[in-house]
Amino acid sequence: MFSRRTLVLCAILVTCRADLTFPEHFKLGAATSSYQIEGGWNADGKGESIWDRFVHENSADIKSGATGDVAADSYHQWREDVRIAANMGLQFYRFSISWPRILPTGFTDKINQAGVKYYSDLIDALLAEDIQPIVTMYHWEMPVKIQDLGGWTNPLIVNWFGDYARVIFSQYADRVKTWLTINEAIAICDLAFNKGHYAPKIKEPEFAPFLCNKHILLAHATAYRIYDREFRPKYKARISLANFDLWIKPATENDTELADLGRQHAIGRYSYPIFSKQGGWPPSIEKLMLQYSLGQGYQYSRLPPFTKDEIEFVKGTADFYGINHYITSLIRSAKPGEDPGIWVLTGSPELNAILEFPTNSKVANSIFPVYPEGIRQQLSWIKQEYGDIDILITENGFGYSTNDYELNDVDRTKFFKEYLEQVLLSIKVDNVSVIGYTAWSLIDTFEWLDGYTIKFGIHEVDFSHPNRTRTPRTSAHYLACVIRARSLDVPDHCYKDKYLADRARIGYRSGSHKIQAVLFINILLIAIIICV
Ligand code: BGC
């Protein structure tokens, strides 16, 4: 009935063990950002950023009045960062460049050579350890002079950002093969202006988020096009941006349409203009914003239109999709009289919707809900919306609010294991082209309004020590093992002896069997299909 060849094929497929290895091209790394780790806020000619000004003028807004003036002192301790990254075997390190450290006024009238040298030395040291630098050009550090001229709400920033980008490319394009222009545009535009709680401490939820949205996309596209014209022919790097993609699921089956609108509002407004075939704003959001604005009494939409030329200019300006993933939220319609509050944090006034965390997604002291399936669902959604594009997970991590774990961060280790399992399923079962995963963060950082009370680091930083000593936590050992094995099937000896007692809590064995079973069933199904 079956040919011999088919039977042999079936036998091979059925007996082969599903493996937990990552594909060769999949890379693992870790990230930080300049303001959160560098310190040296006014060292060697650096200019003032909006975060310098914000922390100095509004200490009551930040836990314990903390500042990033010294932070983890990476401006002086960067060799330590390279050393611990190399110890882990990281394949890449994502860090950001502080705009005013390179251009103190924000403009190109003066280039700060000490700043240029700082990042140049860091890049060289990473490459010497075979760690690829992934460079973010803007992780929230706007030079104050540009902010005083309107910052992201002034259309001229599009060219000013382009000028800054050209300076950076001129200095580092010979060594950097992956660039991210902007980190989390939604946090810069929506979150900051809707609440007014972040630098630049301006609360203007009506127009500012949408002006910023448009200008940030044009600024990104300008940097991309400058690279394309002036640098790509020689250096051939890949460029994208790191989007904060809130994954929104319907709270009930009646909320499916609402969830789709929510995703277009949160993800589409920053991705559709770049990654869709049509370009421009997501049509559903364009319609929604027009109706809502007219209803408010305006004569036109608060979402500024793109011209035809602008649509073409922005479309296609990314060589891969960069995604920071932290949160899955459930969306539902607001009940009569219920206040949707602030967009992205609690709900959406435009959608008259409420956002809530999935029940049981809270783990210990984690500041964000833990919902590993969310990342896999979101990766599939990106593929479905924007096609079979390479996706780099540019951030994913676990922050907790106390000193509970010190070095033995079992919950964070479990977090990485469970999220990486989902990423593996996305690659192997859903056929999504995920090309890498970035753990946030390499070391403890200044966690914005939370100061130093929230820790994300896979390495602890002793903030009371003059050298800001870095020490690996359990999660760093675990990730180092995964990198070495290139697999989630990590041998026991990967764990440090003193942490062995916690292996059961980490649940490594049972978890691995779970994902192995899923992969095995998948292979079995393929085998059955071929046989029949
Ligand atoms: C930001 C980081 C921040 C992390 C944890 C991300 O949204 O890019 O700067 O530290 O979230 O809150």
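Whatever order the structure lists ligands and atoms in, that order sets their numbers, starting from 1. The figures here come from the full heavy-atom set of this structure, side chains too, leaving out hydrogens, waters and symmetry mates.
In plain terms, the two heavy atoms of Arg238 and Asp319 that are nearest each other are NH2-O, 3.1 Å.
Under a 3.5 Å cut-off, the side chain of Asp409 and the backbone N or O of Ser475 do form a donor-acceptor pair.
Partners of Lys203 under the side chain to side chain donor-acceptor pair (under 3.5 Å) rule, at least two apart in sequence or in another chain, do not exist in this structure. Listed by chain and number, the residues in a side-chain contact (heavy atoms from CB on, under 4.5 Å) with Val344 are Ile186, Asp190, Leu191, Leu246 (sequence neighbours excluded). Residues meeting the side-chain contact (heavy atoms from CB on, under 4.5 Å) test with Glu350, sequence neighbours left out: Phe210, His265, Leu288, Met289, Tyr292, Arg302, Ser348.
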Distance dump, ligand 1 polar atoms to protein, N/O, under 3.5 Å:
from, atom 1, to, atom 2, distance (Å)
ligand 1, 7 (O), Glu184, OE1, 2.6
ligand 1, 7 (O), Glu184, OE2, 2.6
ligand 1, 8 (O), His139, NE2, 3.2
ligand 1, 8 (O), Asn183, ND2, 2.9
ligand 1, 8 (O), Glu184, OE2, 3.4
ligand 1, 8 (O), Glu395, OE1, 3.1
ligand 1, 8 (O), Glu395, OE2, 3.0
ligand 1, 9 (O), Gln36, OE1, 2.7
ligand 1, 9 (O), His139, NE2, 2.9
ligand 1, 9 (O), Trp448, NE1, 2.9
ligand 1, 10 (O), Gln36, NE2, 2.9
ligand 1, 10 (O), Trp440, NE1, 3.2
ligand 1, 10 (O), Glu447, OE1, 2.7
ligand 1, 12 (O), Glu447, OE2, 2.5

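Proximity of the aromatic rings of Tyr478 and Phe416 is defined here by a centroid distance below 6.0 angstrom, and this criterion is not met.
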